[in-house]
Amino acid sequence: MSKFTIKNLLKSKKNVFLIALALFLVCASLIANCLSLMIVPSSSTSESVSYNSFSLYMLSLAKSQVESEANSLAGDYQKIGAGGYIWKIDNYYHVISSVYANKNDATLVQNSVKANQGLDSEIVEVNFKSFSLNGNFSADEKKVLTKSLASFYDFYLALYDIAISLDTLVYNEISAKLALNTAHSNLSNTVRDFKTVFPSPSGEIELLSLSLDKALSVSQSLCDESTSTQTLATALSQTQTFSSTSQTLSSMLKYHYTTVLDIYYQMING
């Protein structure tokens with residue numbers, strides 16, 4: 001055999017060896033990946049879903065240790081655009097005009113109310129603690145729960161923006177009601193998704209389900225421009241005065257978003 005032929009043969013054997021080595025490495029990598037999928041727990045589940053704590057600043061126009069007295073005052077304040085929701089803090093029933101995410105905003109309104117209407121008021125800070133739901137949740141369940149927990153605050157923000165736009169004449173009543181319909185639709189879709197994923201909730205999930213139902217009932221009553229005390233009393237399982245033919249749309253928005261915040265507050269402290 002010639003030297004040339006031997007050289008080519010050796011080169012051919014070397015190539016075969018390299019190809020075989022490459023195939024071996026590829027197979028080894030595939031086997032390792034399969035084993036890792038079998039050994040490492042799936043990351044598609046979560047043990048808890050949480051919503052962070054936050055603080056809000058409520059402008060209280062009056063307070064009383066007697067609930068009926070606070071209710072009687074609320075009607076008068078509603079006529080001038082205040083929400084007039086009764087929120088109990090310690091031993092006092094506060095007549096809440098509105099709720100602010102920023103204390104500086106609350107202070108600006110407090111000063112304006114004093115200057116323009118001669119009303120003294122008090123800024124009350126209300127702390128909403130973090131809330132967690134424990135369980136082995138899939139990715140879809142976690143997504144729905146996260147959106148559901150956030151829906152109370154999101155609804156408040158949406159209605160707050162509408163009320164501010166109405167008060168500053170950015171919105172007229174028609175545009176405000178259209179924006180309200182959008183806020184209600186968003187909340188309704190969230191509740192619908194929740195019911196789809198959790199048709200038979202129990203424990204903490206059931207508590208969230210009941211609270212979502214209450215919030216949606218309050219939202220619906222606002223969209224229907226209902227002034228029925230019974231409707232809101234049923235939603236909150238408490239009696240409050242919600243009246244009046246002379247109540248402004250801005251007042252109604254403030255009343256209802258404070259109601260939804262109270263529903264959430266009761267849930268996380270229940």
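- To the nearest 0.5 Å, the span separating CD on Glu47 from CG on Asn134 amounts to 9.0 Å.
- Residues Ser50 and Ser132 have side chains that bring a donor and an acceptor to within less than 3.5 angstrom of each other.
- Side-chain contact between Leu157 and Tyr153 is present, with at least one heavy-atom pair separated by less than 4.5 Å.
- If you run side-chain contact (heavy atoms from CB on, under 4.5 Å) between Phe152 and each of Leu212, Leu261, Asp262, only Leu212 comes through.
- A donor-acceptor contact under 3.5 angstrom links the side chains of Gln247 and Ser251, judged on distance only.
- For the pair Cys223 and Asn181, the minimum side-chain heavy-atom distance is below 4.5 Å.
- In the displayed structure, Asn269 atom CG is contacted under 6.0 Å by more than 12 heavy atoms of other residues, nucleotides or ligands.
- A donor-acceptor contact under 3.5 angstrom links the side chains of Asp167 and Ser250, judged on distance only.
- Side chain of Thr168 to backbone of Ile164: a donor-acceptor contact under 3.5 angstrom is found.
- Environment of OH in Tyr51: crowded, with over 12 heavy atoms of neighbouring residues, nucleotides or ligands closer than 6.0 Å.
- A 4.5 Å side-chain heavy-atom check between Met267 and Leu208 finds at least one atom pair inside the cut-off.
- Counting non-hydrogen atoms of neighbouring residues, nucleotides and ligands closer than 6.0 angstrom, the OH atom of Tyr100 exceeds 12 such neighbours.
- No hydrogens or angles considered: nothing links the side chains of Asp193 and Thr196 as a donor-acceptor pair under 3.5 Å.
- Formation of a donor-acceptor pair under 3.5 Å by the Glu141 side chain with backbone atoms of Ser138 is found in this model.
- A donor-acceptor pair under 3.5 Å is formed between the side chain of Asn172 and the backbone N or O of Ile174.
- Between Phe54 and Phe128, the two ring planes are parallel [angle under 30°; tilted spans 30° to 60°].
- The shortest distance between side-chain heavy atoms of Val126 and Tyr57 does not fall below 4.5 Å.
- The ring of Tyr265 has its center closer than 6.0 angstrom to the ring center of Trp87.
- Expressed to the nearest 0.5 Å, how far OG of Ser112 lies from CG of Leu119 amounts to 10.5 Å.
- The backbone N or O of His94 sits nowhere less than 3.5 Å from a side-chain atom of Tyr85 that would complete a donor-acceptor pair.
- Separation of atoms OG1 (Thr259) and CE (Met252) is listed at 11.0 Å; rounding is to 0.5 Å.
- With hydrogens and angles disregarded, a donor-acceptor distance shorter than 3.5 Å links the side chain of Ser165 to the backbone of Asp161.
- The NZ atom of Lys114 sits 12.0 Å away from the CG atom of Asn116 when rounded to the nearest 0.5 Å.
- Ion pairing between a basic and an acidic side chain is recognised when a charged N comes within 4.0 Å of a carboxylate O; Glu125 and Lys103 show no such pairing.
- Within 6.0 Å of atom CG in Asp90, 12 or fewer heavy atoms from other residues, nucleotides or ligands are found, so the atom counts as exposed in its surroundings.
- Put simply, the side chain of Ser209 never gets that close to the backbone of Ile205: no donor and acceptor are under 3.5 Å apart.
- A distance of 8.5 Å separates CG of Leu216 from CZ of Phe155, quoted to the nearest 0.5 Å.
- Under the 4.5 Å side-chain criterion, counting only non-hydrogen atoms from C-beta, Leu59 is not in contact with Ile96.
- Side-chain atoms of Tyr257 and Ser98 form a donor-acceptor pair, as typed in the model, at a separation below 3.5 Å.
- Between the side chain of Ser188 and the main chain of Ser185, no donor-acceptor pair closer than 3.5 Å is present.
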Practice task
Go through the steps to decide whether Lys195 and Asp213 satisfy the test salt bridge (charged side-chain N to carboxylate O under 4.0 Å, His left out), and finish with yes or no.
Solution key: CA-CA 10 Å; Lys195 300 293 185 182; Asp213 287 341; 3.2 Å; yes
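- Side-chain atoms of Glu122 do not come within 3.5 Å of backbone N or O of Leu61 as any donor-acceptor pair.
- The side-chain tip of Lys142 does not point at the ring of Phe137 from less than 6.0 angstrom away and within 45° of straight on.
- The closest side-chain heavy-atom distance from Ser221 to His256 is below 4.5 Å.
- The closest donor-acceptor contact from the side chain of Gln78 to the backbone of Gly83 lies under 3.5 Å.
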